[in-house]
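Just follow the structure's listing: the first ligand is 1, and inside any ligand the first atom is 1.
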Amino acid sequence: MADRVLIFDTTLRDGEQSPGVSYNVADKLEIATQLEKLNVDYLEAGFPASSPGDLAAVAAIARQIRGCAIVGLARANKKDIDACWEAVQHAAHPRIHVFLSSSDIHMLHQLHKDREEVLEMARSMVAYAKKFTDDIEFSPMDATRSERAYVYRMLKECIDAGATTVNIPDTVGYAIPSEFHEFIRGVQANVPNIDRATISVHCHNDLGLSTANSLAAVRAGARQIECTINGVGERGGNAALEEVVMAMRTRSDFFAIDSRIKTREIYRTSRLVSDLSGMTVQPNKAIVGANAFRHQSGIHQDGILKMRETYEIMDAKEIGWPSGGAEMVLGKLSGRHGFKARLEQLGYDLNEEELGMAFLAFKELADKKTEIDDRDLEALVADKLRTNQEVYHLDHVQVTAGDHITPTATVRLIAPDGTILQDAALGSGPVDAVCKAINRIIQVDSRLTEFSVKSVTEGIDAQGEVTIRVEKDGHTYVGRGADTDILVASARAYMNAINRLLSASQPAADTQVRRNP
Ligand code: KIV
Ligand code: ZN
């Protein structure tokens with residue numbers, strides 16, 4: 001049995017199945033690069049047969065990321081497996097992950113096949129995938145609602161056909177930890193060739209038990225956990241990587257087994273995924289939530305000041321929290337040197353031009369806000385870096401609003417060829433007016449499906465961070481923007497979403513632009 005638990009990250013595959021999440025290739029590469037730094041063992045980059053875009057993104061990741069194995073998902077049919085191989089073949093270590101339902105409810109109502117037919121499909125498609133590469137994973141989907149004896153038979157057949165990892169998915173988050181533990185023990189006892197494969201688990205969080213189930217499985221002998229950053233994923237999400245990893249690390253006395261994850265990269269990875277997916281992390285989220293290392297009660301604060309371990313079981317530094325959880329504050333008088341040093345401590349590696357832009361934005365912010373902490377810096381740098389991928393640049397926005405006036409916005413954009421484009425619009429509210437003014441210039445036929453604003457820090461002078469989702473032709477594009485003025489933040493977020501839409505759909509030159517006389 002392996003002496004460590006392999007971490008199989010599926011943020012870019014199952015995580016992308018979260019409603020409203022959709023990454024472009026640049027986002028996927030950025031997240032994949034960060035997952036490589038985090039030292040995951042397997043990175044499930046996508047489902048290549050699902051769309052040509054996904055195939056291209058998985059292929060790009062397979063070419064670029066060399067520090068971990070790259071996995072593609074495939075249904076149990078030749079077309080999916082061919083597409084999957086086309087995408088992952090470039091990887092230093094490729095894996096094909098074949099899945100097929102094993103529960104009666106799925107076989108009867110979805111596949112319309114009987115058990116023997118499904119068994120034969122699983123066996124023959126694993127054998128087919130094996131022609132491409134040695135590393136094959138097989139998942140009996142909805143395993144926890146399947147008849148166990150049937151799952152055991154399926155796993156045996158698939159291992160005989162060449163599967164080197166067999167994954168037990170709790171697809172609908174139905175399992176209970178002690179029951180799941182027993183199931184894994186059952187796999188070990190009843191699949192006669194199980195010594196030729198690694199047992200993996202893939203737990204969903206419908207009952208909030210995904211972390212507990214994954215860990216119960218490790219106790220029973222599973223040696224791969226499938227998980228996602230921040231627990232993003234279909235419905236209630238997947239087991240959160242940071243939770244399973246930190247549980248094994250913190251309670252090594254209990255688990256006596258660990259992963260190879262570089263935990264100091266956890267915080268950055270969490271922020272990056274939250275930023276690019278537009279899925280904010282709830283403040284009380286374990287390990288990575290804003291309150292995870294904050295202490296409110298006087299008794300706790302007193303204890304922490306005397307000895308951190310009185311009320312903390314983990315050291316925030318080990319998770320990569322800036323300043324180990326305690327915030328450091330910059331202000332108006334801070335110089336470029338101190339600013340740069342702080343960004344480096346936060347893990348940013350900006351080039352001179354990016355640093356110049358960020359410093360300018362910092363100085364502007366410092367004029368409006370007395371204390372600038374790490375959360376402000378992160379929002380500010382993320383905001384500036386987003387402009388790297390721009391098609392149209394938001395140069396200026398001005399809004400008039402009030403309780404006895406029709407909200408009016410004037411915006412000025414800079415087109416890819418440097419032309420200045422300006423227009424104004426009325427709206428039902430100020431944000432609506434801003435979006436309409438932008439739409440009058442860039443005539444993209446999209447629909448705004450979500451708008452949310454949250455404060456980056458506390459206090460009346462806090463920056464507002466706006467997340468916007470727009471939809472076009474069934475695709476969702478997420479945009480974010482931050483500023484002390486939430487209307488400016490909204491304009492930036494909307495431009496960010498529209499720029500992403502434009503980059504994904506067509507070259508900027510082809511978009512219909514109405515120029516002012
Ligand atoms: O939840 C699930 O069953 C899956 C499989 C494809 C492994 O995501
Ligand atoms: Zn899943």
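- Note: Tyr42 and His93 have perpendicular aromatic rings, judged against thresholds of 30 and 60 degrees for the angle between ring planes.
- Under a 4.0 Å N-O distance rule, the pair Lys384/Glu354 does not qualify as a salt bridge.
- For the Zn ion (ligand 2), the set of protein N/O/S atoms nearer than 2.8 Å consists of Asp14 OD2, His202 NE2, His204 NE2, ordered by chain and number.
- In this structure, His202 and His204 have tilted ring planes: the angle between them lies in the 30° to 60° band.
- Sorted by first then second residue, the side chain to side chain donor-acceptor pair (under 3.5 Å) pairs that include residues 174-183, not counting sequence neighbours, number zero.
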Ligand 1 polar-atom proximity to protein (N/O, under 3.5 Å):
from, atom 1, to, atom 2, distance (Å)
ligand 1, 1 (O), His202, NE2, 3.2
ligand 1, 1 (O), His204, NE2, 3.1
ligand 1, 3 (O), Thr171, OG1, 2.6
ligand 1, 8 (O), Arg13, NH1, 3.3
ligand 1, 8 (O), Arg13, NH2, 2.9
ligand 1, 8 (O), Asp14, OD2, 3.1
ligand 1, 8 (O), His202, NE2, 3.1

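- A salt bridge does not link Asp54 with Arg13: every distance from a Lys NZ or Arg NE/NH1/NH2 to an Asp or Glu carboxylate oxygen is 4.0 Å or more.
- Between Lys262 and Glu318 there is no salt bridge, since no side-chain nitrogen of the basic residue lies less than 4.0 Å from a carboxylate oxygen of the acidic one.
- A search for ring-ring contact (aromatic ring centres under 6.0 Å, His included) contacts involving Phe255 returns nothing, not counting sequence neighbours.
- Between Asp445 and Lys472 no salt bridge is recorded (no basic side-chain N to carboxylate O distance below 4.0 Å).
- Salt-bridge formation is detected for the pair Asp160/Arg196: a Lys NZ or Arg NE/NH1/NH2 atom is positioned less than 4.0 Å from an Asp or Glu carboxylate oxygen.
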